[in-house]
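Encoded as structure tokens, the structure appears first; notes follow it.
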Amino acid sequence: MNDPRLEELLAYDRAHLWHPYSSALTPQHPYLVESASGVRLRLRLPDGSRRECIDAMSSWWCAIHGYAVPELDAAASAQLERMSHVMFGGLTHEPAIALARRLVNLAPRHTEAGVVSGLRADAADGTGQSPLQHVFFADSGSVSVEVAMKMALQVHVAEGTGKRRFFTIRGGYHGDTFSPMSVTDPDGGMHSLWRGILPEHLFAPHPPAPDASAADLLAWEADTRALYAVHAHEIAAVILEPIMQGAGGMTFHDPRAVQVLAEIARESGALVIFDEIATGFGRTGTMWAAEAAGVVPDIMCVGKALTGGYLTLAAVLCTTDVAERVSGGEAGGLMHGPTFMANPLACAIAGASLDLLARDPELSAVAGLERGLAEGLAPARDLGSVRDVRVRGGVGVIELREPLRGSEIAAYAVQRGVWVRPFRNLVYTMPPYVTSDEDLATLTEVLVHAVATVHG
Ligand SMILES: *Cc1c(COP(=O)(O)O)cnc(C)c1O
């Protein structure tokens, strides 16, 4: 390395900064990003040279329109000229109102054609409203899950049912603060580390994959119903990621399993919470995974791609029924109010991001990603180290038979102009929706070659 400034910055980083899930004793060696535009990050390599990389991760699934997006930049600048933040207690503002209106109008609803979002014109044309009519803005995905769980508990506290446990499925991920951790997969979430600290909730077996046989599905349903029945009297809500589990293992599950969970919850007076933080805004091919699941939840969390990856913001939508039941209790309202709630800058950018999405109501860009990922990742099936290749919407996954050498794969990909961050035994991509066919072909080819070179 022959750039003392870069060297000094990275040395300070290693000595003083925590990176996600990192050790202070054996610090990671992150790449310094200087700028980003379109689907490309401009990185510094360890030798000090510069490299443009196609972002296969959309910055942890957020940057759906890519970087330095003119429409989002313009929304940010215009809002900065008015105000970047004001408190939300006792005050309100147009960016929050406009964003809440967009979210309510986009939310999933039942129609004759099944569950659809308001993105499709046929839904907007008077097929009725979504029951999800109330919006709480939170400052991150984890906080939105905290709020969703608090809403559900407040309903049961208000009504004196004594129900205070949550029921979920194995393999999930809901965030890193304590309540979301308590419903995250017990192994993936390292519950052993938190024994005696995390509340103990209930985990049904991992649901079968979408192509599962009727027999597998029935067996799963029987086990799940049996576990639920034992605890039905204490379950406040069922919480899950519909259709796709993200950070828990990049798996897809059968919509019928989601329907079973919603049915048993509602039979027993429990609420249904969908965590659409990863799946929302088109990632799995429909605006909401709820559409593919055919279920409208009582409470829904959105985050990640909400601002197109510009700023942290999340939202919890709930039905009028839930909002009234929460508010009817002794507390008289929802007892939550983060300092940066409904940050105007974030809301303004989120509004502009949703406008961009609405330009493609059929989500044809995501359908294009699905085709390109399926074609480009298919050759990985022939590799001895690969157990499974799966694609849905804008999500492509190569699952290895063994734990992977992630930093070697990342380094190989960066050398060839692709940024990827594999975890566990998964090399996966969730590219920006604006990725061109050519860039997608490069991206998938590099991922397949990376796996072939490092693992065989
Ligand atoms: C990322 C994620 C979260 C947590 O969101 P943060 O913004 O990181 O707090 C929760 N649930 C799901 C499904 C996620 O993918």
Side-chain angles (χ1 to χ4, degrees), residues 18-22 57-64 136-152 166 168-186 188-190 198 201 203 206-207 237-253 258 261 272-284 287-290 292-293 297 299-317 336 338-343 346-347 349-350 353 392-395 397 421 423-424 426 428-430:
W18 288 110
H19 283 267
Y21 315 105
S22 71
M57 312 307 295
S58 298
S59 279
W60 270 342
W61 331 341
C62 301
I64 53 176
F136 185 99
F137 286 114
D139 35 15
S140 75
S142 302
V143 173
S144 76
V145 173
E146 296 277 358
V147 170
M149 293 173 74
K150 190 185 268 189
M151 273 182 187
F166 290 86
T168 184
I169 48 180
R170 282 189 172 264
Y173 175 81
H174 297 285
D176 287 343
T177 59
F178 277 82
S179 305
M181 264 203 308
S182 71
V183 286
T184 287
D185 186 79
M190 293 196 292
L198 280 185
H201 296 308
F203 293 84
H206 192 253
V238 168
I239 177 168
L240 74 150
E241 298 155 276
I243 301 304
M244 178 187 84
Q245 293 177 309
M250 296 291 157
T251 56
F252 304 108
H253 52 266
V258 181
L261 288 163
V272 176
I273 303 173
F274 279 179
D275 178 346
E276 291 242 19
I277 292 167
T279 51
F281 308 108
R283 183 51 77 180
T284 59
M287 181 68 183
W288 312 114
I299 301 174
M300 179 168 105
C301 297
V302 301
K304 287 208 161 89
L306 174 59
T307 65
Y310 267 50
L311 280 173
T312 177
L313 183 70
V316 187
L317 278 71
H336 214 92
T339 307
F340 283 93
M341 182 166 176
N343 173 256
C347 288
I349 296 168
S353 174
R392 178 157 187 156
V395 186
V397 185
R421 184 164 169 82
F423 72 107
R424 268 194 252 163
L426 303 163
Y428 75 96
T429 174
M430 296 205 199

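Order of listing sets the numbers, starting from 1, for every ligand and every atom in it. All values reported here derive from a predicted model rather than from experimental measurement.
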Just need the protein heavy atom nearest to atom 15 (O) of ligand 1, so name the residue and atom and give the distance. Lys304 NZ, 2.6 Å

When you compare the side chain of Glu241 with that of Ile277, does any pair of heavy atoms fall below 4.5 Å? no

Testing the 3.5 Å rule here: is there a donor-acceptor pair between the side chains of Tyr173 and Asp275? no

Of all the atoms in ligand 1, which lie at a distance below 4.0 Å from a heavy atom belonging to Glu241? 13 (C)

Work out which heavy atom in Thr168 is nearest to a heavy atom in His174; give both atom names and the distance. OG1-NE2, 4.1 Å

Nearest-contact summary for atom 7 (O) of ligand 1 - protein heavy atom, Å: Gly141 N, 2.8 Å

Below 4.0 angstrom from a heavy atom of Asp275, which ligand 1 atoms are there? Numbered from 1 as shown, please. 10 (C), 11 (N), 12 (C), 13 (C)

Top protein contact for atom 8 (O) of ligand 1, by heavy-atom distance: Ser142 OG, 4.3 Å

Answer whether the closest heavy-atom distance between the side chains of Gln245 and Met250 falls below 4.5 Å. no

Closest heavy-atom pair and its distance - Trp61, Ala247: CH2-N, 3.4 Å

Near Ser140, which atoms of ligand 1 are under 4.0 Å from a heavy atom of that residue? 7 (O), 9 (O)

Output the list of atoms in ligand 1 that are nearer than 4.0 Å to some heavy atom of Gly175, sorted by atom number. 4 (C), 10 (C)

Could you tell me, atom by atom, which parts of ligand 1 come under 4.0 Å of a heavy atom of Trp61? 15 (O)

Would you say CZ of Arg170 has more than 12 non-hydrogen atoms from neighbouring residues, nucleotides or ligands within 6.0 angstrom? yes

Numbered in order shown, the ligand 1 atoms found under 4.0 Å of a heavy atom of His174 are 10 (C), 11 (N)

Quick one: are the ring centres of Phe274 and Trp288 less than 6.0 Å apart? no

